[in-house]
Amino acid sequence: MSTILIIEQVLNGLQFGVMLFLMAAGLTLIFGVMGLINLAHGSLYMIGAFVAAAVAGLTGSFLLAIAAAMAAAAVAGVLVEMLVIRRLYAADHLDQVLATFALILIFSEGTRWVFGSFPLFLDIPSEISGPVTLPGGIEYPLYRLVLIGIGLAVAATLGWLITKTRIGIRIRAGENDREMIAALGVDISKLYTAIFALGAALAGLAGALVGAIQSVQVGMGEPVLILAFVVIVIGGIGSIKGALIGSILVGLTDTLGGIFLPELFKLFMAPAAAQSAGASLASMAIYILMGAVLIWRPTGLFGARAA
Amino acid sequence: MRKLLLASAAAILCATGLQAEVKVGMITTLSGGGAGLGIDVRDGFMLAIAQSGRDDIEVVIEDDQRKPDVAVQLADKMIQAEKVDVMTGIIWSNLAMAVVPSATAQGKFYLSPNAGPSALAGKGCHENYFNVAWQNDNLHEAAGAYANTASYKNSFILAPNYPAGKDALTGYKRMYEGGLAGEIFTELGQTDYAAEIAQIRASGADSVFFFLPGGMGISFLKQYADSGIDLPVVGPAFSFDQGILQAVGEAAMGVVNTSQWNKDLDNPTNAAFVETFQAEYGRLPSLYASQGFDTANLLISALEVAEPGDKAAFRTALKAANFDSTRGAFAFGDNHHPVQNIYAREVVKEGDVFTNKIIGVALENHADAYAGDCAF
Amino acid sequence: MIPEKLLNLVVLALLLAVPYWASLNDAPFTITLATRATIFALAAVGLNIALGMGGMVSLGHALFFGIGGYTMGILAFHAQSFTPLIDGPMVIEGTKSMPVIWAVAMGVSALAALVIGALSLRTAGVYFIMITLAFGQMLFFFTISWSSYGGEDGLSIFLRNEFPGLDTLVPFNFFALCYGLLVLVILFNARFARSPFGLALNAARQSPDRVRAVGLNPQRLKLVAFVISGTITGLAGALFADLNRFVSPTMFSWQTSGEIMVFVILGGVARLCGPVVGAVAFVMLEHFLGGLSEFWHIYLGLLLLLIVLFARGGLVGLVARRGAAHD
């Protein structure tokens with residue numbers, strides 16, 4: 001296995017990781033500040049992808065499509081927050097799980113009702129399609145490099161937002177002590193809605209960006225949702241830094257596990273059997289990673305408190 | 001999802017003047033991610049029933065949600081409550097394996113419009129089970145045969161890590177005579193193929209064969225096209241059919257895929273089918289729609305001769321396959337699976353619509369590899 | 001408002017009466033539906049012990065449901081194909097006998113619950129939800145690629161397994177077996193809740209520190225409850241496999257975990273018959289809403305949402321007065 005291939009696979013893992021981060025960041029903020037488990041976060045991702053595909057089909061502009069996807073997901077997020085979620089902050093996790101499970105059913109079949117049962121088309125804009133040659137002779141798709149760039153930029157912006165700005169201070173205060181921040185005169189319900197809209201917009205952005213290289217179809221949100229949960233649990237709930245590190249860890253484990261485990265098994269098994277056994281183990285690898293992290297650190301890598 | 005659809009045309013009285021109602025139970029996937037396939041099978045099937053003008057065929061349609069346990073429950077309902085004579089409709093092999101053996105064991109006829117697991121073609125075959133589509137391996141075998149004619153010498157092959165995926169690679173290798181640059185099992189439902197594509201690039205392959213049905217294939221093709229690799233790709237029709245092709249777009253152009261049917265197959269039945277399907281539903285028919293249509297016509301042709309109650313006679317009538325297929329000539333082998341031509345098609349663009357055009361015959365009068373193991 | 005005890009009796013009586021009526025009137029499918037509801041109820045009663053009494057929100061109970069199912073599938077598969085389960089120094093044969101299958105399914109589930117519980121209980125709250133989910137996903141992906149037992153295609157068992165002295169092929173007989181097990185488990189559950197152990201568990205959920213102060217280990221109490229919970233859900237899985245004569249990895253999917261949880265919450269958490277009401281209501285919704293529209297999941301979702309928002313305490317909470325205090 002050549003160095004070039006390994007570097008390329010590391011880039012792939014990184015790209016997968018930063019896209020997961022866009023999902024996980026919103027999820028971890030919403031959980032950290034509001035104490036809410038939102039299973040419907042994957043539906044916002046799906047809405048982003050579908051709206052992007054529809055708008056790109058109508059206007060031909062990818063930038064417009066992305067803006068529309070973020071706006072639509074944010075609007076959907078705000079509606080959900082105001083109509084449903086707001087009533088659930090005081091409820092226990094159980095009610096939240098059930099209510100947002102119900103939202104998944106509504107969103108999935110609703111999307112199918114609006115857009116039909118067949119996958120939609122969304123393509124990479126021609127300016128950033130195709131491969132580029134990196135130093136060392138690595139051919140790598142430009143679009144994936146752009147994705148890595150966007151993901152890291154969002155991570156940096158979020159980090160700045162949380163640590164340096166007024167709203168960030170409020171968010172951190174909200175994570176630590178909800179009653180206190182309300183007592184200080186911050187309109188807590190507006191803050192909550194704003195955080196929800198931000199998380200939803202990020203999910204919509206991820207859906208639109210990933211939709212261009214994947215299949216835009218009903219149910220596309222759930223697998224990503226589960227991975228995003230794995231990420232925030234590994235990173236520690238409520239921590240943006242944890243979400244970033246967790247995302248990249250999961251992205252690399254998943255990508256590199258799929259490549260190297262079958263190779264490893266080939267050392268002592270017949271190729272076909274090794275391929276199959278390696279692939280099986282690779283599909284379980286991130287869950288094994290998560291279990292191991294939790295057993296070692298029960299509140300995740302950067303989790304401050306038991307939630 | 002209970003819909004009673006009665007073919008609405010003037011009653012045709014049979015010779016005795018008394019006509020028994022025939023009840024058909026269709027279990028197929030109408031909701032969730034895989035709904036497009038089930039909807040096509042249903043629409044093709046119902047089109048044929050409507051065109052036959054028979055109003056004595058009652059079709060009970062139920063949605064299995066692509067869940068095996070729901071399919072089993074619906075099959076119980078069809079058999080116990082609806083008391084259907086014939087069953088059909090299942091799209092996925094794992095659902096077929098859950099339903100078909102027990103349905104045929106309870107004396108029902110089952111006509112498969114899509115799934116053709118190897119277990120039901122070989123040792124597990126049943127005299128009341130007829131497959132109107134293909135045995136699962138067939139299209140992959142044809143892809144292997146095409147690879148030989150295209151003189152590929154070093155293929156990279158990949159499929160999801162589940163039984164149908166393993167069958168696909170086995171099927172390809174059964175016919176393909178060249179060497180392998182690599183063989184990969186991906187995760188079922190995987191959406192990102194960057195890692196696999198990097199391996200393809202590094203492998204020194206001269207061609208790629210893949211079996212990735214549904215959304216997986218869409219994702220793979222888009223990412224493959226974007227990677228800049230220009231090795232020829234070959235695969236079974238499932239990733240290139242009408243419902244999916246528009247979502248893949250330019251990325252699919254020029255890809256060769258194998259199918260037992262295409263809309264430009266030159267026979268009058270097919271021409272009429274394509275035209276009436278488009279008029280009725282406002283979209284081009286897919287492979288699955290043609291299979292649904294053929295299944296219904298096979299059923300109708302057998303009903304002309306015998307009633308399902310007379311099992312031996314009805315079975316003989318089905319086996320004769322005396323109907324006009326959209327595929328042209330159609331015959332059953334001894335294990336009640338098709339013996340048919342499988343074509344190589346190429347993805348082309350007609351106006352704004354992506355579709356396929358036949359470029360040659362990959363396998364002629366091809367039967368499946370399991371027929372020898374079947375004894376009723 | 002009626003007393004909860006009375007409601008429980010009415011629910012259980014109706015659940016018996018409807019299939020009995022169906023067996024007299026040749027409506028076998030109604031019996032199949034009732035059996036399905038009964039088995040789901042059993043799985044949910046199991047989860048309710050962890051969820052309601054122990055306060056452990058497990059989103060991984062599909063794991064035990066699946067283990068029970070696969071135990072049945074594997075044992076019956078070897079029996080029907082006449083191949084030994086384990087060859088080598090000691091030959092173990094498959095079996096078609098329900099009592100044996102049930103015992104093995106419960107044993108394997110208990111063992112799995114012991115290991116998973118011991119690891120998962122190191123965490124709490126959301127982390128607990130997620131780690132149980134992770135264990136479920138692990139086995140889901142494992143069974144998909146476990147080709148010796150069918151992988152994603154699953155395993156078909158051609159004939160229902162046997163129970164001594166009873167023809168299980170008669171739908172009502174099989175229903176009666178499931179129903180009997182459900183009633184037994186509910187009776188066990190009622191006694192369990194009032195036993196010293198149950199009271200201690202309840203206390204451990206509400207204030208672990210006090211429990212610790214009297215010299216009990218709350219984690220150990222919870223672990224025992226988790227094992228009992230997993231064992232019951234495993235038994236339900238074995239029955240479900242026998243109802244369908246089929247097992248597949250979907251039994252392990254996280255949606256299955258979600259559905260079992262929906263049964264509990266729909267009916268009412270920590271209510272003795274809450275899971276029964278929830279499971280029956282879910283099966284009926286699935287059956288009747290499915291007939292109304294292709295997009296019936298939307299209505300199901302709306303209904304669940306309304307219940308969470310406006311009917312805390314679930315369906316049982318809507319109609320029944322609190323019986324014995326649980327909180």
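Lettering follows sequence order; numbering is per chain, from 1. Because only heavy atoms are used, hydrogens play no part in the values below, and waters and symmetry mates are left out as well, while side chains stay in. Keep in mind that what you see is a predicted model, and the values were worked out from it rather than measured.
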*Got a second to check how far C:Thr32's OG1 is from B:Ile79's CD1, nearest 0.5 Å?*
10.5 Å

*How long is the span from the CD atom in B:Gln73 to the CD atom in C:Glu286, to the nearest 0.5 Å?*
6.0 Å

*Could you tell me the separation between the CZ atom of C:Phe141 and the CG atom of B:Asn161, rounded to the nearest 0.5 Å?*
11.0 Å

*CD1 of C:Ile144 to CD of B:Glu187: how many Å apart, nearest 0.5 Å?*
8.0 Å

*Sidechain N-carboxylate O distance under 4.0 Å for C:Glu259, B:Lys67*: yes

*asked:* A quick test of your reading: do over 12 heavy atoms of other residues, nucleotides or ligands sit less than 6.0 Å from CZ of C:Phe163?
replied: yes

*Search all heavy atoms of C:Phe246 against all heavy atoms of B:Asn94 and return the closest pair with its distance.*
CZ-O, 3.9 Å

_How long is the straight-line distance from NZ of B:Lys83 back to CG of C:Asp26, given to the nearest 0.5 Å?_
5.0 Å

*Answer yes or no: does atom OH of C:Tyr20 have more than 12 heavy-atom neighbours from other residues, nucleotides or ligands under 6.0 Å?*
no

*Under 4.5 Å heavy-atom distance to chain B, tell me which part of C:Phe29 shows up: side chain, backbone, both or neither.*
both

*Distance from C:Met251 atom CE to B:Asp69 atom CG, nearest 0.5 Å?*
8.0 Å

*Identify the two heavy atoms, one from B:Ala98 and one from C:Ser156, that lie closest to each other, and give their separation to 0.1 Å.*
CA-OG, 3.7 Å

_chain C contact residues among residues 101-125 of chain B, heavy-atom distance under 4.5 Å_ = B:Pro101, B:Ser102, B:Gln106

*asked:* For B:Asp76, is there an ion pair with C:Arg245 - N to carboxylate O distance below 4.0 angstrom?
replied: yes

*Can you say whether B:Leu74 sits under 4.5 Å from chain C via the side chain, the backbone, both, or neither, judging by heavy atoms?*
neither

